[in-house]
Amino acid sequence: QVQLVESGGGLVQAGGSLRLSCAASGSIFSINVMDWYRQAPGKERELVASSPSSGTTNYADSVKGRFTISRDNAKYAVYLQMNSLRPEDTAVYYCHADVRILGRGSTRYDYWGQGTQVTVSS
């Protein structure tokens, strides 16, 4: 079994910063992409930032220049540093990983964290 656990959400004033963390654990053979998504009430879940095992990182236009995604592959962890936060950044943020499981060959599985709430006040 593989679990993803997020932390670091909270309440912050506009212009402030938060750092989200996510760590995967379990029967992991390898992890390709690790991503951060977010979902506000009544909205579709959207990709915020993506960090593949190789290649360049990607960001939603709305967060470019403000958010930074990074990884610690030894810990199967991904982080999202969020600066200059705006009220429209308010959402539940979810960690996602594309995972190969030990003993299950080359099949890739999608895993999601439970989500962490980020609230930005004006």
Exercise. Start with the C-alpha gap between C95 and W36, add the side-chain angles, then the distance that decides, and say whether side-chain contact (heavy atoms from CB on, under 4.5 Å) holds.
Key: CA-CA 5 Å; C95 175; W36 286 98; 4.0 Å; yes
Quiz prompt | R19 (side chain) donor-acceptor with L80 (main chain) under 3.5 angstrom | solution = no
Quiz item: Under a 4.5 Å cut-off applied to non-hydrogen side-chain atoms, are I31 and Y111 in contact?
Solution: no
Exercise. Check whether any side-chain N or O of T68 sits under 3.5 Å from a backbone N or O of Q81 as a donor-acceptor pair, and report yes or no.
Key: no
Quiz item: If you take all heavy atoms of S84 and D89, which pair is closest and at what distance?
Solution: O-OD2, 4.5 Å
Quiz prompt | Interatomic spacing from SG in C22 to OH in Y93 - rounded to 0.5 Å | solution = 15.0 Å
Quiz item: Is there a donor-acceptor contact under 3.5 Å from the side chain of R71 to the main chain of S51?
Solution: yes
Quiz prompt | Inter-residue atom distance R66.CZ - R86.CZ, 0.5 Å rounding | solution = 4.0 Å
Exercise. For side-chain contact (heavy atoms from CB on, under 4.5 Å), just list the numbers for Y94 and Q39, CA-CA rounded to whole Å, side-chain angles, deciding distance to a tenth of an Å, and then say yes or no.
Key: CA-CA 8 Å; Y94 296 91; Q39 188 167 22; 4.3 Å; yes
Self-check item: Lys/Arg cation over aromatic Y109: R104, 6.0 Å, 45° cone
Solution: yes
Practice problem: Not counting sequence neighbours, which residues clear side chain to side chain contact (heavy atoms under 4.5 Å, CB included) with Q114? List them please. | Solution: V5, E6
Exercise. Return the minimal non-hydrogen interatomic distance between S122 and A14, and the atom names on each side.
Key: CA-CB, 4.4 Å
Quiz item: About how many Å separate CG of L18 and CE of M82, when rounded to the nearest 0.5 Å?
Solution: 4.5 Å
Quiz item: Would you find a donor on one side and an acceptor on the other, under 3.5 Å apart, between the side chain of T116 and the backbone of G9?
Solution: yes
Exercise. Would you indicate whether the side-chain heavy atoms of D110 and H96 approach each other to under 4.5 Å?
Key: yes
Exercise. List the steps and the verdict of side-chain contact (heavy atoms from CB on, under 4.5 Å) for T119 and V12.
Key: CA-CA 6 Å; T119 302; V12 66; over 6 Å; no
Exercise. Determine, step by step, whether V118 and T90 satisfy the side-chain contact (heavy atoms from CB on, under 4.5 Å) criterion, reporting the C-alpha distance in whole Å, the side-chain angles of both residues, the deciding distance to 0.1 Å, and the verdict.
Key: CA-CA 5 Å; V118 171; T90 296; 5.9 Å; no
Self-check item: CZ-OH distance between F67 and Y59, expressed to the nearest 0.5 angstrom
Solution: 10.5 Å
Practice problem: Could you work out the complete set of other residues in the hydrophobic cluster of F29, with links drawn between I, L, V, M, F, W and Y side chains under 4.5 Å apart? | Solution: L102
